[in-house]
Engineer: 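Could you have a look at this structure, given as structure tokens, before my questions?
What you see below is based on every heavy atom in this structure, not just the backbone, and it leaves out hydrogens, waters and symmetry mates.
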Amino acid sequence: MTDQVPPPNSYRSLPDERGHFGEFGGRYVAETLMPLILDLEKEYRAAKVDPAFQAEFDDLLEHYVGRPSPLYYAERLTEEVRKDAPQDKGAQIWFKRDELNHTGAHKINNCIGQILLAKRMGKTRIIAETGAGQHGVATATVAARFGLPCVIYMGARDIERQQPNVFRMKLLGAEVVPVTSGAKTLKDAMNEGLRDWVANVHDTFYIIGTAAGPHPYPELVRDFQSVIGTEARAQLLDRVGRLPDLLVAAIGGGSNAIGLFHPFLDDPDVKMLGVEAAGEGLGKRHAASLAGGNPGVLHGNKTYLLQDEDGQIAEAHSISAGLDYPGIGPEHAWLKESGRVDYSSVTDTEALDAFQLLCRTEGIIPALEPSHAISAVTRRAVDMDRDQIILANLCGRGDKDIFTVAEALGVEM
Amino acid sequence: MNRLSATFEACRTQGRATLVAFVTGGDPSPANTGDILDALVEGGADVIELGMPFTDPMADGPSIQEANLRSLGAGTTTADLFDIAGDFRERHPSIALVLMGYANPMIRRGPQWFAERCVEAGVDGVICVDIPAEEDEALGPALREQDVAMIRLATPTTNADRLPAVLDGASGFLYYVSVAGITGKQQAAQDSIEAAVARLKAQTNLPVAVGFGVRTPEQAADIARVADGVVVGSAIVELIGEHGKDAPGPVRDYIGTLSDAISTARTAKG
């Protein structure tokens, strides 16, 4: 924390009424979309205080998604880490098992919330962007569940490396549109989603997959994902009678991380670590916008971006398609500046090692996204006392990534 | 009176609409843009809209997206853009010139830096796609401080409640985006354009220019009958895509057909 700026009374009171988190966030959209996002904000405010909306959301999360997700003490991983730790060191590692959700990741939490908003607003067509395909699958899932037509924009390069998810989306009845502009990854898919939306504002709801985009998206995505942290907080208090010492989560746009962190932000003894994708290393191609970027405006919000000195957006790189984005949610940008949350990064190679470590020690195949968090957890745990608790979000399962991992490990399938 | 107001006023006096022509700066390369801008002027364009290329032009259709990529592929920098603008200003002291683009390249070195470069290069106004009235602070105050016009956009979704906010701080002219969509696609129905322009003009004294999807001399003339200005972009950009460095000739001829249609639009037909 910086010395000059006193901490705010609460870290949970933002965004302000204009959708700003300090200098970040906001509503940097074309005028065509402006009336629509003002509408969305009004509708979300009403939904937030509507017990019927909350009841329907909770009901679907329980009976359709399978919440609450378990809180799991990773005993064997903890032991493994302790082998390399100094005596009496090696914190307990716990996982929030959001990979056990229906569709295999945390993304569905947000999609349930947003499709209920779409229904409430009378929208009849759903669009979304997707990187790894997890958000696309989750969106296609809720669109099928609510009987709405659905178009998913996905970078052509991501389509190549995430074939199983592309097929899942098609099985669920979604139209998957390959995006061939730019780097053909998540940022380009988001551009195409915005182009579709601006041309179809009258009937279309854009389900944004991460805690970014124009206000109120960062706020509402965070709120829907906060079920992760709210559950974890109650579960840990119930199981061990105290709060964790450190929370860890991977960050692309940052929705699983903000979902875990937000309910704990005003617990001063709980430290937090967000883990960006360092790709081939911070000096080379990577996707760590906080570590290697500067504030700028893209996709409706002001936040840290990978960009050159003229403000042209750089192409991100990560082995994990879900982290392969040159920006980050604006609340993370603010939490970094405020000093409340620490951010670090993990390379492709380190994530692959952590991926295999979890497979072997716990019998859990994690997605490449949380593999970044797991790597950071093992690094931190060795320096922490044995009675300390690290709680990490296992935000997705790795079935979708086995082909990518096989290729990276040089295995012919 | 600045060049933008003077241009709209002069055209009004001549009984015709102002022709606003858009090209992406640096397409196909920074060295070619000067000749293309001259061709726009020779063809009869009254206001030049110089597009600042951006990696992520999310309000643009395929034609202008490709132009952005061609320009960036040719290595166009922000410094090149201001050089192109400054050179244009030396050759054409009285033709109004505005920059159009996205927020990030404009605010990268700070809004003051950008506004000062605009003044140095003789840029009269700025159109920023993704800074709506709600985020005016990001650029508007710095431009107004330097007397550079902040040209705002109104769209078919801009309702009566919002219009005062859009107009607050707007200057130069009001750009009516006639289609809810991206650039270069379909054109709006004439009667909807007419109604929208009337609605806007009831609320502002700024000239109203209409764009998005305008391609043919007939379409330009139809708009010229009801609006103060006609904006043409994608159709020119497509000619540049087709002809590359040989684009000035075809561009000049094409602009000429629009200019002719506009100059007689209000007298030729009721």
Engineer: Between OG of S181(A) and CG of D56(B), what distance do you get to the nearest 0.5 Å?
Structural biologist: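 CG of D56(B) is found 8.0 Å from OG of S181(A).
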Engineer: Return yes when atom CD of E280(A) has more than 12 non-hydrogen atoms of other residues, nucleotides or ligands closer than 6.0 Å, and no otherwise.
Structural biologist: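 It does: E280(A) CD has more than 12 such atoms within range.
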Engineer: In this structure, are over 12 heavy atoms from other groups packed under 6.0 Å from E145(B) atom CD?
Structural biologist: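 Result for CD/E145(B): open.
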Engineer: For D161(B), is it the side chain, the backbone, both, or neither that has a heavy atom closer than 4.5 Å to a heavy atom of chain A?
Structural biologist: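 Answer is neither: D161(B) stays 4.5 Å or more from chain A.
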Engineer: For chain B, which candidate among K302(A), E315(A), H202(A), H20(A) shows the most heavy-atom pairs at distances under 4.5 Å?
Structural biologist: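 Answer, by heavy-atom pair count under 4.5 Å with chain B: H20(A).
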Engineer: Side chain, backbone, both or neither: which part of E134(B) has a heavy atom under 4.5 Å from chain A?
Structural biologist: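 Its backbone and side chain both get close to chain A.
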Engineer: Taking all non-hydrogen atoms of both residues, which atom of N104(B) and which atom of G311(A) are closest, and how far apart?
Structural biologist: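 In terms of heavy atoms, the two residues are closest at ND2-O, 2.8 Å.
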Engineer: Taking 4.0 angstrom as the limit, do R152(B) and E31(A) come out as a salt bridge?
Structural biologist: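 Salt bridge absent between R152(B) and E31(A).
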Engineer: For D60(B), does its backbone N or O pair with a side-chain atom of R195(A) as donor and acceptor, under 3.5 Å?
Structural biologist: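 Looks like yes, one N/O pair under 3.5 Å.
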Engineer: Using a cut-off of under 4.5 Å on heavy-atom pairs, state which of I131(B), V179(B), V166(B), T78(B) scores highest against chain A.
Structural biologist: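 If we count pairs closer than 4.5 Å to chain A, T78(B) comes out on top.
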Engineer: Can you tell me how far CE of M58(B) sits from CG of D196(A), rounded to the nearest 0.5 angstrom?
Structural biologist: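 It comes to 15.0 Å.
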Engineer: Any idea which heavy atoms bring Q312(A) and P53(B) closest together, and the distance?
Structural biologist: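 Of all heavy-atom pairs spanning Q312(A) and P53(B), the closest is NE2-O, 3.0 Å.
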Engineer: So, do T157(B) and T32(A) sit near enough that their side-chain heavy atoms are less than 4.5 Å apart?
Structural biologist: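 Heavy-atom side-chain distance check passes, below 4.5 Å.
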Engineer: Taking all non-hydrogen atoms of both residues into account, name the closest pair between D308(A) and R108(B) and its distance.
Structural biologist: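 In this case the closest contact between D308(A) and R108(B) is O-NE, 2.9 Å.
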Engineer: Let me know if I182(B) has heavy atoms under 4.5 Å from chain A in its side chain, its backbone, both or neither.
Structural biologist: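 When you check distances to chain A, atoms from both the backbone and side chain of I182(B) fall under 4.5 Å.
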Engineer: For residues F54(B) and I313(A), determine if any side-chain heavy atom of one lies less than 4.5 Å from a side-chain heavy atom of the other.
Structural biologist: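 F54(B) reaches I313(A) side chain to side chain.
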Engineer: Does atom CG of N205(B) have more than 12 heavy-atom neighbours, drawn from other residues, nucleotides or ligands, at distances under 6.0 Å?
Structural biologist: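 No - once you tally the heavy atoms of other residues, nucleotides and ligands closer than 6.0 Å, there are 12 at most.
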Engineer: Do T55(B) and Q307(A) have side chains that approach each other closer than 4.5 Å (heavy atoms only, starting at C-beta)?
Structural biologist: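 No, side chains not in contact.
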Engineer: Assess whether atom NZ of K48(A) is packed by more than 12 heavy atoms of other residues, nucleotides or ligands within 6.0 Å.
Structural biologist: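 Yes, NZ of K48(A) has more than 12 neighbouring heavy atoms, counting only those of other groups under 6.0 Å.
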Engineer: Once rounded to the nearest 0.5 Å, what's the spacing between atom CE of M34(A) and atom CG of D130(B)?
Structural biologist: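 Reported value, rounded in 0.5 Å steps: 12.0 Å.
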Engineer: For L36(A), which atoms come within 4.5 Å of any heavy atom of chain B: side chain, backbone, both, or neither?
Structural biologist: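 Answer is neither: L36(A) stays 4.5 Å or more from chain B.
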Engineer: Side chain of D310(A), backbone of T77(B): donor and acceptor closer than 3.5 Å?
Structural biologist: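 Checking the backbone N and O of T77(B) against the side chain of D310(A), no donor-acceptor pair under 3.5 Å is found.
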Engineer: Which atoms of P156(B) are under 4.5 Å from chain A, going by heavy atoms: the side chain, the backbone, both sets, or neither?
Structural biologist: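 Neither part, no heavy atoms under 4.5 Å.
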Engineer: Taking the side chain as everything from C-beta on, heavy atoms only, tell me whether E309(A) gets closer than 4.5 Å to R109(B).
Structural biologist: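 Side-chain contact under 4.5 Å: yes.
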Engineer: Would the number of heavy atoms belonging to other residues, nucleotides or ligands and lying under 6.0 Å from NZ of K123(A) be above 12?
Structural biologist: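 Atom NZ in K123(A) is packed in, count exceeds 12.
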Engineer: Could you pull out the closest heavy-atom pair between G26(A) and E135(B), with the gap in Å?
Structural biologist: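 Scanning both residues, the minimum pair turns out to be CA-OE2, 3.1 Å.
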